[in-house]
Amino acid sequence: DVVAVVTQPDKPQGRHRSSLVPPPVKVIALEEDIPLLQPDRPRGDAFLNSLRELAPDVSVVVAYGHILTRETIDLPRLGTLNIHASLLPRWRGAAPIQAAILAGDAESGVSIMRMVPALDAGPVLLQARTPILDDETGGELAVRLSELGALAIVEALTLVSLGDGRG
């Protein structure tokens, strides 16, 4: 199986914005010798050709920050899945963890969905729920949801590989 990482470019940080800091997933990809793409924007022929060369069976998107084109979403044979940190349809968008805490929600979770070229709008394949603790911070909940999301995506990939997650 081919594994590759597509992530955002390194970000300038510091007082003078002169230090480039890589996304954490890039660090892991380099340590594990995983092919890596860091386009400024995931569009255009060069980006699509790089993806085609990888010939992915499935793509998984997590907090990427770009709406992908239909061609990018449809390129993998089994489609593109997204791990979203809320129980959709509640709290679509970029800050679902903070929204759930601010609203006083009793629970949160992760949704694994098939991607479409619209924000958090694809069919949900499965969800995993967890209570939000009374004194839990957004950062603490984010850690728990990332662990829950890792387990949920394994289950979703199993469903997709068995043909039960075509959505």
Main-chain N/O of [Y] paired with [X] side-chain donor or acceptor, under 3.5 Å:
X	Y	value
H66	R43	no
D105	I101	no
Q8	Y64	yes
S59	T80	no

Closest non-hydrogen atom pair, [X] against [Y]:
X	Y	value
P9	D40	CG-OD1, 3.4 Å
A103	W91	CB-CZ2, 3.5 Å
I112	A156	CG2-CB, 3.5 Å
P117	I73	N-CD1, 3.6 Å
G122	V116	N-CG2, 3.6 Å
P96	A94	CD-C, 3.3 Å

Nearest 0.5 Å, what's the [atom1]-[atom2] distance between [X] and [Y]?
X	Y	atom1	atom2	result
S50	D45	OG	CG	10.5 Å
E107	I132	CD	CD1	8.0 Å
L145	I83	CG	CD1	11.0 Å

Please tell me whether [X] and [Y] are part of a single hydrophobic cluster in this structure, the criterion being side-chain heavy atoms less than 4.5 Å apart.
X	Y	result
L68	V6	yes
L88	V110	no
V124	I153	no
V5	I28	no
M113	L157	no

**Request:** Please check if atom CG in D33 has more than 12 non-hydrogen atoms from other residues, nucleotides or ligands closer than 6.0 Å.
**Result:**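 Open: at most 12 neighbouring heavy atoms sit under 6.0 Å from CG of D33.
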Pairs in or reaching into [range]: which pass salt bridge (charged side-chain N to carboxylate O under 4.0 Å, His left out), with residues at least two apart or in two chains?
range	answer
residues 150-161	none
residues 11-29	D10-K26
residues 134-151	E136-R144

**Prompt:** What residue among L159, V62, V160 forms side chain to side chain contact (heavy atoms under 4.5 Å, CB included) with L81?
**Reply:**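 For L81, the side chain to side chain contact (heavy atoms under 4.5 Å, CB included) check succeeds only for V160.
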**Fill in**
Residues passing the side chain to side chain donor-acceptor pair (under 3.5 Å) test with E71, sequence neighbours excluded, are R52
**Prompt:** Can you name the side chain to side chain donor-acceptor pair (under 3.5 Å) partners of S111, sequence neighbours left out?
**Reply:** Q127
With heavy-atom distances below 4.5 Å as the criterion, would you say the side chains of [X] and [Y] are in contact?
X	Y	answer
L87	R129	yes
S108	I97	no
T7	P23	yes

**Prompt:** Which residue pairs pass the ring-ring contact (aromatic ring centres under 6.0 Å, His included) test when at least one of the two sits in residues 20-55, sequence neighbours left out?
**Reply:**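 Those involving residues 20-55 do not exist here.
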**Asked** Just checking, any donor-acceptor pair under 3.5 angstrom between side chains of T72 and T69?
**Response**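 Judged by distance alone, the side chains do pair up.
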